[in-house]
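Remarks on the structure that follows.
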Amino acid sequence: MSLLAIIGGSGFSDFPALEIEASRRVETPFGETSAPVAIGRLDGAEILFLPRHGAGHRLPPHRINYRANLWALRALGADRVVGLAAVGGIGARFAPLALAVPHDLIDYTYGREHSIYDGEQDALDHVDMTSPYCEELRGVLIRACAESGHPAIEDGVYAATQGPRLETTAEIARLERDGCDLVGMTGMPEAGIARELGLCYASLAFVVNWAAGKGEGAITMAEIESHLRTCVGHVRKVLGIVATA
Ligand code: HPA
């Protein structure tokens with residue numbers, strides 16, 4: 001039996017739609033997870049849920065223990081992981097409120113524990129990242145978005161930046177020249193570690209602002225939060241379909 005795990009980000013520090021049946025603290029070789037893993041039912045289907053930023057959205061992107069989080073989900077039996085991602089839109093197609101299922105990424109982060117291979121665990125492997133997301137799960141997400149009435153953009157290159165500050169106009173212009181469509185702060189090392197752990201991982205991104213210099217004037221938290229509220233409703237619908245598919 002396949003078990004789905006959802007890693008919640010901004011807007012998903014908790015998941016009221018989930019009927020929680022148990023909450024597990026998992027010991028991992030990498031230390032503590034962001035929060036205990038919730039085991040529960042979403043529209044009747046069993047799933048795992050873990051808020052990436054911890055309870056109350058306290059952990060900044062560079063302090064998240066990505067290795068522990070993914071290790072714990074696998075230890076509890078997850079084989080498929082959906083990473084939710086509130087993002088800024090760079091490309092013209094990626095306007096606020098768009099849903100997107102990225103197909104590739106570029107990692108601009110630094111100083112994060114980004115690999116399970118630290119010389120102390122298993123023998124070193126250099127995992128293939130030609131297609132960094134699980135194509136099968138991308139397909140499931142794309143179909144679920146269509147079924148939910150909120151069709152997703154079916155591709156996109158995700159830029160993972162360091163944060164927690166937002167980018168400068170010049171930084172976004174550079175990401176655009178690099179071929180990036182979307183920008184967020186947590187997609188890496190999450191996707192890379194998931195691949196190292198043999199998990200089928202894909203991201204469901206929702207655009208909550210135009211990236212720096214792409215909209216008018218400064219980016220405000222009010223704008224982000226207002227878009228986030230709408231996106232959370234759409235994503236919740238999609239996840240119900242994915243969980244019960
Ligand atoms: N940049 C980086 N991360 C983000 C953004 C952004 O504009 N919006 C939401 N997460």
Side-chain angles (χ1 to χ4, degrees), residues 6-15 34 50-54 56-64 66 69 82-112 114 132-133 141 145 150 152-153 156-192 201-236 238:
I6 294 168
I7 300 181
S10 298
F12 283 91
S13 285
D14 62 359
F15 196 4
S34 299
L50 178 56
R52 198 188 270 124
H53 297 280
H57 203 89
R58 124 198 92 81
L59 287 170
H62 60 291
R63 293 272 186 239
I64 292 167
Y66 298 92
N69 287 352
V82 172
L84 301 181
V87 296
I90 300 174
R93 292 185 296 152
F94 298 83
L97 301 184
L99 296 184
V101 183
H103 74 288
D104 208 341
L105 62 82
I106 299 181
D107 187 4
Y108 298 92
T109 68
Y110 47 88
R112 303 182 181 188
H114 65 286
Y133 299 107
L141 286 169
C145 288
H150 303 290
I153 300 168
V157 177
Y158 174 104
T161 56
Q162 181 72 350
R165 66 165 178 84
L166 295 166
E167 297 72 33
T168 67
T169 301
E171 284 169 339
I172 292 298
R174 171 191 170 211
L175 299 189
E176 189 168 32
R177 287 194 300 275
D178 283 356
C180 298
D181 300 300
L182 301 162
V183 56
M185 301 173 188
T186 56
M188 282 297 276
E190 202 165 86
Y201 175 93
S203 176
L204 177 56
F206 38 100
V207 183
V208 295
N209 59 281
W210 282 114
K214 292 291 168 184
E216 280 173 23
I219 300 166
T220 66
M221 280 315 289
E223 167 198 1
I224 289 182
E225 276 159 16
S226 146
H227 291 138
L228 198 54
R229 275 193 292 279
T230 306
C231 289
V232 163
H234 298 173
V235 169
R236 186 262 168 268
V238 175

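No hydrogens, no waters, no symmetry mates; every other heavy atom, side chains included, goes into these values. Remember, it's 1-based here, ligands and their atoms both numbered in the order they're listed.
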Please set out all donor-acceptor pairs under 3.5 angstrom arising from side-chain atoms of residues 99-106, sequence neighbours excluded.
unit_1 : atom_1 : unit_2 : atom_2 : d
His103 : ND1    : Gly156 : N      : 3.0
His103 : ND1    : Gly156 : O      : 3.2

Protein residues near ligand 1, heavy-atom distance below 4.0 Å?
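Only Ala86, Val87, Gly88, Leu166, Glu167, Val183, Gly184, Met185, Val208, Asn209 have heavy atoms that fall under 4.0 Å of ligand 1, ordered by chain and number.
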Please name all residues satisfying side chain to side chain donor-acceptor pair (under 3.5 Å) with Gln162, sequence neighbours left out, ordered by chain then number.
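So Gln162 forms a side chain to side chain donor-acceptor pair (under 3.5 Å) with Arg112.
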Using the side-chain contact (heavy atoms from CB on, under 4.5 Å) rule, pick out the option among Thr109, Thr186, Val183 that qualifies with Thr161.
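Exactly one option meets the side-chain contact (heavy atoms from CB on, under 4.5 Å) with Thr161, and it is Val183.
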Please check: side-chain N/O of Arg52 versus main-chain N/O of Asn69, any donor-acceptor pairing under 3.5 Å?
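The answer is no, because no donor-acceptor pair under 3.5 Å joins these two groups.
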So, the side chain of His53 versus the backbone of Leu59: is there a donor-acceptor pair under 3.5 Å, distance only?
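It does hold such a pair.
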Of all residues at least two apart in sequence or in a different chain, which pass the side chain to side chain contact (heavy atoms under 4.5 Å, CB included) check with Pro51?
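Ala35, Phe49.
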